[in-house]
Amino acid sequence: MDISVMLKALGEPTRFSIFQQLLIRKHCIRSLSKKLGITESAISQHMKVLKEADMVYGERFGYHVHYLPKQEALDELSAAFAEMKQQSMDLCRDSQVCQCEFREEAKT
């Protein structure tokens, strides 16, 4: 799974809201449409992006497909953010130290 694709998919506010709703319980397109107050076709387009980002999957129940978040996607996002958090914590924040690799060394 590509983290940048997942973040791009979640970067759109409506898709983020859809994903949050799916974390609460599974929904069909009609249910999400009524819950979020947007058309079913708009929900379908957003779901297409989330599916292409490999973040959701559907289970068929009669005429309806109920969508759920993929646990693997959540695990990968969590791991990526945990790694970024650790890198940030390990970062030298001393304002007196220049870490720029392009800094010219003082000539003595």
Side-chain angles (χ1 to χ4, degrees):
M1 292 181 202
D2 187 349
I3 296 293
S4 62
V5 172
M6 288 191 275
L7 292 175
K8 185 175 179 181
L10 291 176
E12 202 285 324
T14 301
R15 280 194 291 274
F16 186 72
S17 295
I18 290 169
F19 197 74
Q20 285 182 309
Q21 291 301 315
L22 295 177
L23 291 170
I24 297 168
R25 70 175 187 87
K26 52 184 152 182
H27 285 273
C28 66
I29 298 293
R30 180 171 290 159
S31 171
L32 286 167
S33 173
K34 291 181 187 283
K35 184 97 173 158
L36 299 174
I38 56 178
T39 66
E40 290 181 29
S41 62
I43 294 289
S44 292
Q45 291 300 311
H46 288 300
M47 290 303 295
K48 178 182 175 188
V49 173
L50 289 170
K51 285 190 278 187
E52 288 172 353
D54 206 23
M55 298 190 69
V56 298
Y57 69 99
E59 295 176 343
R60 183 162 291 282
F61 289 95
Y63 292 109
H64 300 280
V65 176
H66 292 185
Y67 292 96
L68 298 116
K70 283 191 170 182
Q71 188 61 48
E72 298 85 8
L74 290 165
D75 293 343
E76 194 161 334
L77 284 170
S78 294
F81 279 108
E83 184 177 332
M84 285 188 273
K85 179 180 179 182
Q86 188 61 51
Q87 288 171 336
S88 178
M89 291 170 62
D90 294 342
L91 180 65
C92 175
R93 297 184 184 274
D94 184 351
S95 62
Q96 303 300 313
V97 176
C98 177
Q99 295 176 331
C100 179
E101 66 263 16
F102 299 108
R103 181 177 64 99
E104 290 185 32
E105 295 295 325
K107 296 180 181 168
T108 55

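Every value quoted in this text rests on a predicted model; they were computed, and no experiment measured them.
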For residues 4-14, which side-chain N or O atoms pair as donor and acceptor with protein atoms under 3.5 Å away, sequence neighbours left out?
unit_1, atom_1, unit_2, atom_2, d
S4, OG, D2, OD1, 2.8
S4, OG, D2, OD2, 3.4
E12, OE1, T14, N, 2.8
E12, OE1, R15, N, 3.0

Pairs involving residues 41-50, ordered by first then second residue, that meet salt bridge (Lys or Arg N to Asp or Glu O under 4.0 Å) (sequence neighbours left out) = none

task = Determine which pairs satisfy ring pair (Phe, Tyr, Trp, His ring centres under 6.0 Å) with at least one residue from residues 12-34, sequence neighbours left out, and list them in order.
result = none

Ignoring hydrogens and angles, write down the donor-acceptor pairs under 3.5 Å from the side chains of residues 52-67, residues two or more places apart or on other chains.
unit_1, atom_1, unit_2, atom_2, d
D54, OD1, K70, NZ, 2.4
E59, OE1, K26, NZ, 3.4

message = By the salt bridge (Lys or Arg N to Asp or Glu O under 4.0 Å) test, which pairs, at least two apart or in different chains, include something from residues 27-42?
response = R30-E40

query = Would I38 end up clustered with V49 when hydrophobic side chains under 4.5 Å apart are linked, directly or stepwise?
reply = no

note = Across all chains, not counting sequence neighbours, the side-chain hydrogen bond (donor to acceptor under 3.5 Å, both in side chains) partners of S17 are none

For residues 75-88, tabulate all N or O donor-acceptor pairs below 3.5 Å that involve a side-chain atom, not counting sequence neighbours.
unit_1, atom_1, unit_2, atom_2, d
D75, OD1, Q71, NE2, 3.0
S78, OG, L74, O, 2.9
Q86, NE2, D90, OD1, 2.9
Q86, NE2, D90, OD2, 3.4
S88, OG, R93, NH2, 2.7

message = Starting from L32, can I reach I24 by hopping between I/L/V/M/F/W/Y residues whose side chains sit under 4.5 Å apart?
response = no

query = When rounded to the nearest 0.5 angstrom, what is the spacing between CG in L68 and CG in L23?
reply = 10.0 Å

ask   = Rounded to the nearest 0.5 Å, how far does CG of L50 lie from CD1 of I43?
value = 10.0 Å

request  = Output the rest of the hydrophobic cluster of L91: all Ile, Leu, Val, Met, Phe, Trp and Tyr residues reachable through side-chain heavy-atom contacts under 4.5 Å, sorted by chain and number.
outcome  = none

